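Because the structure is a prediction, the values reported are computed rather than measured. Throughout, residue positions are numbered sequentially from 1 according to the sequence presented.
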Amino acid sequence: MEGLLDFTLRDILTRVGGVQRCVSEFIRITDTLLPERVFTRLVPELLYGSQTAAGVPVRPQLLGSDPVCLADNAARLASMGPNGVDLNFGCPSPVVNRHRGGAALLDEPELLYRIVSEVRRAVPAHQPVSAKMRLGVQDDTRAEECALAIEAAGANELVVHARTKLDGYRPPAYWERIGDIRQVVKLPLVANGEIWTVADALACQAASGCSAMMLGRGLVARPGLALEILAAQGAVAPAAPTASVQGLQNGVALTWQQLIPLITDFWRLVCARLLVGQQTGRLKQWLNLLRRVYPEAQQAFQAVKTFHHPADVDLWMVQQRSGLESYINGTISPESAAREAAR
């Protein structure tokens, strides 16, 4: 998701557990063969075996409309050892669509076929080529046709976001239409769209018939969601990958106190890797989504929303850690710790 799930947040969220693979933000391809440094700047996990620090594979995603240029860039990307190459036919952004990218191509199934087939030929057979699409542009009448074109072109997997470009991110998601697509294609399908809770995930699976799901904003707002879904399915989650989140599997629904160290680590990563002018905005962006689930995040968002200087956030982080330490030591209640940290 452009501007949201970049490498800093991928690092943090995959520490929690339950995520089997990540897809990068899209890399826009126009008429240029990008140098390797552009790929590693946007997907720095390529320098570390194409996986996050927690060991979760990351698949870079390309976006564009020129089959040959996309294939050339996919070949260069494949030479860097990624966990496959993904193609974006789902972005609903008006800016992207005006430049013939993302979901705008869903009115042209023949172009989808050409893009996927050219990329599939350019990428070695052992590396998967996957794609993500929506149900259509203005309506969903060509959803099956688009999926069949992507399958016929040789894609190994297809993620379907269960809304059209026109729908944007407005609820509901039409998961049953993914089930319709499953009736006409044989390649593995992944369901996506409007999965915020375990109940949403189970309803999505029932309507779509898909066992695999892609989580976006739902995981950002509820970092333990993947673990919660696995628990509801009776699946065994892998051990927590880092010491900072050991024991989270025993309490699947993460508490605010468990999130504070992750938020602190996120801030450190942001300060180390992003420009100063981008730093406070990234923290506000995450807190804004967290407040859908955590009342404490609302207090935190109100505390930091006027900050523009990293030093102000640093001081707020010290207060957060102080409140957490007091809670751990038993000197104040969780509610008091949250109030103290948000001041």
Participant: Return the NE2 to OG distance between H99 and S93, rounded to the nearest 0.5 Å.
Facilitator: 10.0 Å
Participant: What heavy-atom pair brings L254 and G224 nearest, and what distance separates the two atoms?
Facilitator: CD1-CA, 3.6 Å
Participant: Under the 3.5 angstrom rule, does the side chain of Q61 hit a backbone N or O of E25 as a donor-acceptor pair?
Facilitator: no
Participant: Out of curiosity, W267 CH2 to T8 OG1, how far, rounded to the nearest 0.5 Å?
Facilitator: 11.0 Å
Participant: Of the non-hydrogen atoms in T197 and L225, which two are nearest, and what is the gap between them?
Facilitator: C-CD1, 3.7 Å
Participant: In the structure I gave you, are the side-chain heavy atoms of L105 and C146 within less than 4.5 Å of one another anywhere?
Facilitator: no
Participant: Quick one: does R142's side chain have a donor or acceptor within less than 3.5 Å of a partner on P109's backbone?
Facilitator: no
Participant: Supply the members, apart from Y48, of the Ile/Leu/Val/Met/Phe/Trp/Tyr cluster built from side-chain contacts under 4.5 Å; use none for a lone residue.
Facilitator: L47
Participant: When you measure from the side chain of S50 to the backbone N and O of N83, does any donor-acceptor pair fall under 3.5 Å?
Facilitator: yes
Participant: Between the side chains of R59 and S130, is a donor N or O closer than 3.5 angstrom to an acceptor N or O?
Facilitator: yes
Participant: Would you mind reporting whether V23 and V159 have side-chain heavy atoms less than 4.5 Å apart?
Facilitator: no
Participant: How many angstroms lie between atom CZ of R121 and atom CD of E118, to the nearest 0.5 angstrom?
Facilitator: 4.5 Å
Participant: Can you tell me if Q279 uses its side chain to pair, donor with acceptor, with the backbone of L274 under 3.5 Å?
Facilitator: yes
Participant: When hydrophobic residues are tied together by side-chain contacts of less than 4.5 Å, even through go-betweens, does L112 share a cluster with V68?
Facilitator: no
Participant: Quick test of your reading of the model: are D11 and R15 salt-bridged, counting only N-O distances below 4.0 Å?
Facilitator: yes
Participant: Take the angle between the ring planes of W256 and Y294 and call it parallel below 30°, perpendicular above 60°, tilted in between.
Facilitator: tilted
Participant: Charged N to carboxylate O under 4.0 angstrom, D6 versus R273?
Facilitator: no
Participant: Under the side-chain contact (heavy atoms from CB on, under 4.5 Å) criterion, do L219 and L5 qualify, and how do the steps go?
Facilitator: CA-CA 10 Å; L219 186 66; L5 270 168; 6.0 Å; no
Participant: If we ignore hydrogens and angles and just use 3.5 Å, is the side chain of E144 paired with the main-chain N or O of V184 as donor and acceptor?
Facilitator: no
Participant: Short question: side chain of K284, backbone of K305 - any donor-acceptor pair under 3.5 Å?
Facilitator: yes
Participant: Show the numbers, then the answer: is there a side-chain contact (heavy atoms from CB on, under 4.5 Å) between L106 and M133?
Facilitator: CA-CA 8 Å; L106 295 172; M133 60 171 271; 4.0 Å; yes
Participant: Strictly distance-based, threshold 3.5 Å: is any side-chain N or O of R76 a donor or acceptor partner for the main-chain N or O of L34?
Facilitator: yes
Participant: Evaluate the side-chain contact (heavy atoms from CB on, under 4.5 Å) criterion for residues D66 and D31: first the C-alpha distance (whole Å), next the side-chain angles of each, then the deciding distance (0.1 Å), finally the verdict.
Facilitator: CA-CA 8 Å; D66 184 323; D31 56 358; 5.6 Å; no
Participant: State, to 0.1 Å, how close P60 and S24 come at their nearest heavy-atom pair, and which atoms those are.
Facilitator: CA-OG, 3.3 Å
Participant: How about L77 and L46: do any of their side-chain heavy atoms sit closer than 4.5 Å?
Facilitator: yes
Participant: Provide the closest heavy-atom pair for E151 versus K186 in the form atom of the first, atom of the second, distance.
Facilitator: OE2-N, 2.5 Å
Participant: Taking 4.0 angstrom as the limit, do E194 and R170 come out as a salt bridge?
Facilitator: no
Participant: Can you tell if the side chain of N192 reaches within under 4.5 Å of the side chain of H161, non-hydrogen atoms only?
Facilitator: yes
Participant: For the pair R182 (side chain) and V185 (backbone), establish whether a donor and an acceptor sit closer than 3.5 Å, ignoring hydrogens and angles.
Facilitator: no
Participant: Could you tell me if the side chain of R268 sits less than 4.5 Å from the side chain of D265, heavy atoms only?
Facilitator: yes
Participant: Can you confirm whether L87 sits close enough to V116 that some side-chain heavy atom of one is under 4.5 Å from a side-chain heavy atom of the other?
Facilitator: yes
Participant: For residues L283 and M317, determine if any side-chain heavy atom of one lies less than 4.5 Å from a side-chain heavy atom of the other.
Facilitator: yes
Participant: Quick one: CZ on R282 to SG on C271, what's the gap to the nearest 0.5 Å?
Facilitator: 12.0 Å
Participant: Same cluster or not: are L187 and V85 linked, directly or through other Ile, Leu, Val, Met, Phe, Trp or Tyr residues, by side-chain heavy atoms under 4.5 angstrom apart?
Facilitator: yes
Participant: Please answer whether the main-chain N or O of R100 pairs with a side-chain N or O of S65 as donor and acceptor at a distance below 3.5 Å.
Facilitator: yes
Participant: Would you name the heavy atoms of L135 and A143 that are closest together and state the gap between them?
Facilitator: O-CB, 3.3 Å
Participant: Test V58 against T14 for side-chain contact (heavy atoms from CB on, under 4.5 Å), laying out the working first.
Facilitator: CA-CA 11 Å; V58 177; T14 55; over 6 Å; no
Participant: Hey, could you give me the OG1/CD1 distance between T255 and I260, rounded to the nearest 0.5 Å?
Facilitator: 8.0 Å
Participant: With rounding to the nearest 0.5 angstrom, report the CZ to CG distance, R10 to L269.
Facilitator: 12.0 Å
Participant: Taking all non-hydrogen atoms of both residues, which atom of L63 and which atom of C91 are closest, and how far apart?
Facilitator: CD1-CB, 4.1 Å
Participant: Please check if L290 and W196 belong to a single hydrophobic cluster, counting links between Ile, Leu, Val, Met, Phe, Trp and Tyr side chain heavy atoms closer than 4.5 Å.
Facilitator: yes
Participant: Flag yes if I181 and L148 sit in one hydrophobic cluster, no otherwise; membership is Ile, Leu, Val, Met, Phe, Trp, Tyr, and two members link when side-chain heavy atoms are under 4.5 Å apart.
Facilitator: yes
Participant: For Q20, does the CD atom sit with more than 12 other heavy atoms under 6.0 Å from it, leaving out its own atoms?
Facilitator: no
Participant: Aromatic contact between W316 and F307, with the criterion being ring centroids under 6.0 Å apart: yes or no?
Facilitator: no
Participant: Less than 4.5 Å apart, side chain to side chain, heavy atoms only: is that true for W175 and C210?
Facilitator: no
Participant: Please say yes or no: joined through hydrophobic side-chain contacts below 4.5 Å, possibly via intermediate residues, are L287 and L315 part of one cluster?
Facilitator: no
Participant: Below 4.0 angstrom, N of the basic side chain to O of the carboxylate: do D167 and R134 qualify?
Facilitator: no
